[in-house]
Amino acid sequence: MPILTRLYLPEDFAAQSIFLQFAMFFAGVMTWRYEYFVQLPKEHAEAQALIHLTVTLALAGAVLLTPCVWLVAQRVESFSANRALSNWLWLAPSTAALISVSLAYQHRVQRFGLFKLSGLGEVAAKLGNVGSGVAAALLGVGGLGLLLTTAAGTASKFFFHLTFSKATIKRDTEHLDIGKQKYS
């Protein structure tokens, strides 16, 4: 974070904060936060069904909300003090979808007790977040680079869990009864 504060203006951080508020609101509206329930079912098939439901709702929500947000943002652009935010607010639903799906997969990893892998996913998220912010600043993208850091960090965590969790879950659960079931 100290690196990003040297690369971006306070106005950029204000725009990022507002953008994150929209993204988190959309995440709740789009998926009804079902990703938080992945750890609860007794049966793994039910947990997998919750993950599929979360992914479906997140994708549908992003597809439906993105054009709506773009239209609304264009209409209220004249009222906005921060033009960069209104120009890029349409990215909030996609960011929200990434947040929800990433959390669903992280909770899947935690469901199997792989907390070290879950923690490493958080490290991947921070690296993606700061790395994308630094890269965007070096490319001269401006405040948009800071808005994209959340999506980049979340995508990093998602791909980390997608890449490493399947093999780790299979390896660590082969000797258990649950390891005989098929996981995807």
- Pairing residues for S94 by the side chain to side chain donor-acceptor pair (under 3.5 Å) criterion, not counting sequence neighbours: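 Per chain and number, S94 pairs via side chain to side chain donor-acceptor pair (under 3.5 Å) with no residue.
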
- Counterpart residues, side chain to side chain donor-acceptor pair (under 3.5 Å), relative to Q39 (two or more places apart):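 Listed in chain order: Q110.
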
Count I, L, V, M, F, W, Y as connected when their side-chain heavy atoms are under 4.5 Å apart, and connections chain through other members. Are [X] and [Y] then in the same cluster?
{"X": "M1", "Y": "V130", "answer": "yes"}
{"X": "V38", "Y": "V101", "answer": "yes"}
{"X": "V29", "Y": "I18", "answer": "yes"}
{"X": "L127", "Y": "F164", "answer": "no"}
{"X": "L98", "Y": "M24", "answer": "no"}

- Per the side-chain contact (heavy atoms from CB on, under 4.5 Å) rule, which among V63, T56, V55, L57 passes with L59?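 The side-chain contact (heavy atoms from CB on, under 4.5 Å) with L59 is passed solely by V55 among V63, T56, V55, L57.
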
If you take all heavy atoms of [X] and [Y], which pair is closest and at what distance?
{"X": "S156", "Y": "A124", "answer": "CB-O, 3.4 Å"}
{"X": "A58", "Y": "M30", "answer": "O-CE, 3.6 Å"}
{"X": "G28", "Y": "R33", "answer": "CA-CD, 3.4 Å"}
{"X": "P93", "Y": "L89", "answer": "CD-O, 3.9 Å"}

- Message: Before you tell me yes or no, could you show the steps for Q48 and H52 under side chain to side chain donor-acceptor pair (under 3.5 Å), namely the whole-Å CA-CA distance, both residues' side-chain angles and the distance that decides it to 0.1 Å?
- Response: CA-CA 6 Å; Q48 193 63 32; H52 287 197; 3.1 Å; yes

Does any pair with a residue in [range] pass salt bridge (Lys or Arg N to Asp or Glu O under 4.0 Å), and if so which ones, sequence neighbours excluded?
{"range": "residues 132-155", "result": "none"}
{"range": "residues 145-154", "result": "none"}
{"range": "residues 111-128", "result": "E122-K157"}
{"range": "residues 130-140", "result": "none"}

- Step through the shown structure and confirm whether more than 12 heavy atoms of other residues, nucleotides or ligands are within 6.0 Å of CD1 on I3.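 No, because the 6.0 Å sphere around CD1 of I3 holds 12 heavy atoms or fewer from other groups.
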
- Task: Would you mind reporting whether L91 and L147 have side-chain heavy atoms less than 4.5 Å apart?
- Result: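 Heavy-atom side-chain distance check fails, nothing below 4.5 Å.
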
- Can you find a heavy atom in the side chain of I99 that is under 4.5 Å from one in the side chain of T95?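 They are in side-chain contact.
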
- Determine yes or no for a side-chain-to-main-chain donor-acceptor pair under 3.5 angstrom, with T54 supplying the side chain and L50 the backbone.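 Checking the backbone N and O of L50 against the side chain of T54, a donor-acceptor pair under 3.5 Å is found.
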
- Expected output: side-chain T5 to main-chain P2 donor-acceptor under 3.5 Å: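 Confirmed, T5 side chain pairs with P2 backbone.
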
- Query: What residue pairs, at least two apart or across chains, pass ring pair (Phe, Tyr, Trp, His ring centres under 6.0 Å) with a residue in residues 124-158?
  - Reply: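 Listed once each, the pairs are Y105-F158.
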
- Scan residues 17-38 for pairs that pass ring pair (Phe, Tyr, Trp, His ring centres under 6.0 Å), counting only residues two or more places apart or in two chains.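 Checked against ring pair (Phe, Tyr, Trp, His ring centres under 6.0 Å) - neighbours excluded - the pairs reaching residues 17-38 are Y36-H107.
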
Output a table of donor-acceptor pairs, distance under 3.5 Å, between side-chain atoms of residues 64-73 and any protein atom two or more places apart or on a different chain; print 'none' if there are none.
from : atom 1 : to  : atom 2 : distance (Å)
T66  : OG1    : A62 : O      : 2.6

- Could you list the residues that satisfy ring pair (Phe, Tyr, Trp, His ring centres under 6.0 Å) with F159, not counting sequence neighbours?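 F159 satisfies ring pair (Phe, Tyr, Trp, His ring centres under 6.0 Å) with no residue once adjacent residues are dropped.
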
- Nearest-0.5 Å distance, CG of residue L53 to CD of residue E46: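 One gets 13.0 Å once the value is rounded to the nearest 0.5 Å.
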
- Task: For L146, check side-chain contact (heavy atoms from CB on, under 4.5 Å) against everything at least two apart and list the hits.
- Result: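 Applying side-chain contact (heavy atoms from CB on, under 4.5 Å) to L146 gives L4, Y8, D12, F13, Q16, T149.
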
Which donor-acceptor pairs under 3.5 Å do the side chains of residues 132-143 make with protein atoms, sequence neighbours left out?
from : atom 1 : to   : atom 2 : distance (Å)
S132 : OG     : G128 : O      : 2.9
S132 : OG     : N129 : O      : 3.0

